[in-house]
Amino acid sequence: MPAKAPLTPAQKKTSVGSATAKSARSTSASRQRATPTASGMTVDELAKQTGVSVRNIRAYQTAGLMQPPVLHGRLGLYSAKHKSRLELIREMRHMGFGLEAIGDLLARVPDRAGAEYSLIAQLFSNGFFRVEQPLRKSLAELTTHWGESITADQVMPLLNTGLYQTIEADLEHPLHGGTQVDVLSPSLWAIGKQMAEMQVPLSTSLALQNQLIEHLRAIAQAYVDQFVIAMVRELMQTLEPRGDMTTDERMSDEDPLASLSPNALRTVLNLFERLRPLAIGSVSAAFPVVLQQEFDRGVHDKLKARVRQQNEKRTSARDD
């Protein structure tokens, strides 16, 4: 077999360059395989980020609860939409829903609203009907997701909602960014963070929250007032009347709770605990209907009217 002719300097340079390029392509491909998060997540990464096993992820896909991954060659990659849908499925499973029921509910969930619905599902699975444990934050930390600081004009209305309590505030500078506050509704704060991700301005989010608490406090006061009046009147009917005073006169004459025995007060408390989920549920049940009505009245109908006007203008222009 004839010996190969020695390579010329130019051939050696070309060979070395080709090998270097091949090595670079191999390294680049290896990096792409090692870090697929640039265009998605592998199933293992998705499982790690959501706490859902790979086996269950595959089962949810088979059941049609979530879309299969996008294939890049032989590698399946999952997007943020997959993650939010999986988190929603996870929370609904924690709440005790079966796969068929989850499928029926997910059919009504907009594709782009997975993260928002997942957050609401977390509120229910973490005890929606109970008062939450406070979360301690500084005033500056409350608004970091908006990338701006809360102003002095915004702080006082925020504190006046009653959902934030200052902790050992500096009397000389009580409202600086480092002031510690207890967030009494971490879930509402989490919803605020979600609004920040949707690029809702901080001022708008705070204004909505202030109005929300104002109206919810009025509803809560109505529930408590009506409940106390009804329940205490019924309990006082069982007490021995004092003199010739009627129950209504006694209730208007003094604090009605002052006339109740400890056992009667415990009865009031127990009945209130039974009322709590009903009151919360009634607000949750009515608000979607009212919200849709207000959207139709304030936005949807106006958009339809504007489209109709534009169509009439086009028709008129063609006729001319």
Participant: Tell me whether E45 is salt-bridged to K48, with the criterion being a basic N under 4.0 Å from an acidic carboxylate O.
Facilitator: no
Participant: Would you name the heavy atoms of H145 and A196 that are closest together and state the gap between them?
Facilitator: O-CB, 3.7 Å
Participant: Identify the two heavy atoms, one from V54 and one from A47, that lie closest to each other, and give their separation to 0.1 Å.
Facilitator: CG2-CB, 3.9 Å
Participant: Using every non-hydrogen atom in the two residues, find where W146 and K193 come nearest and quote the distance to one decimal.
Facilitator: CH2-N, 4.3 Å
Participant: So if you build clusters from Ile, Leu, Val, Met, Phe, Trp, Tyr with side-chain heavy-atom gaps below 4.5 Å, do L291 and L212 land together?
Facilitator: no
Participant: Minimum heavy-atom separation for E141 and W189, please, with both atom names.
Facilitator: O-CZ2, 4.0 Å
Participant: Report the C-alpha separation of T42 and L46 in whole Å, then their side-chain angles, then the decisive distance to 0.1 Å, and conclude whether the side chain to side chain contact (heavy atoms under 4.5 Å, CB included) test is met.
Facilitator: CA-CA 6 Å; T42 65; L46 181 63; over 6 Å; no
Participant: Check step by step if side chain to side chain contact (heavy atoms under 4.5 Å, CB included) holds for L163 and V183.
Facilitator: CA-CA 6 Å; L163 267 67; V183 182; over 6 Å; no
Participant: Go through the side-chain N and O atoms of N210 and E214 and say whether any donor and acceptor fall under 3.5 Å apart.
Facilitator: no
Participant: Can you see whether N311 engages R314 through a side-chain donor-acceptor pair at a distance of less than 3.5 angstrom?
Facilitator: yes
Participant: Checking T179 against V155 for the side chain to side chain contact (heavy atoms under 4.5 Å, CB included) test, could you report, in this order, the C-alpha distance in whole Å, the side-chain angles of both residues, the deciding distance, and whether it holds?
Facilitator: CA-CA 11 Å; T179 299; V155 168; over 6 Å; no
Participant: Please determine, by modelled atom types, if Y223 and S282 share a side-chain donor-acceptor pair under 3.5 angstrom.
Facilitator: yes
Participant: For residues 59-71, tabulate all N or O donor-acceptor pairs below 3.5 Å that involve a side-chain atom, not counting sequence neighbours.
Facilitator:
| unit_1 | atom_1 | unit_2 | atom_2 | d |
| --- | --- | --- | --- | --- |
| Q61 | OE1 | Y78 | OH | 2.4 |
| T62 | OG1 | R58 | O | 3.0 |

Participant: At their closest point, which heavy atom of Q133 faces which heavy atom of P186, and how far apart are they?
Facilitator: O-CG, 3.4 Å
Participant: Test side chain to side chain contact (heavy atoms under 4.5 Å, CB included) on V224 and Q221 and set out the steps.
Facilitator: CA-CA 5 Å; V224 171; Q221 288 173 350; 5.8 Å; no
Participant: Say whether M156 and I213 are linked into one hydrophobic cluster, either directly or through other cluster members, by side-chain heavy-atom distances under 4.5 angstrom.
Facilitator: yes
Participant: Checking Q49 against K83: is there a side-chain donor and acceptor pair closer than 3.5 Å?
Facilitator: yes
Participant: Just to verify, what does R136 make a salt bridge (Lys or Arg N to Asp or Glu O under 4.0 Å) with, not counting sequence neighbours?
Facilitator: D182
Participant: Over all heavy atoms of both residues, which pair between T143 and I150 is shortest? Give the atoms and the distance, please.
Facilitator: OG1-N, 3.7 Å
Participant: Tell me whether E100 at atom CD has more than 12 heavy atoms from other residues, nucleotides or ligands lying less than 6.0 Å away.
Facilitator: no
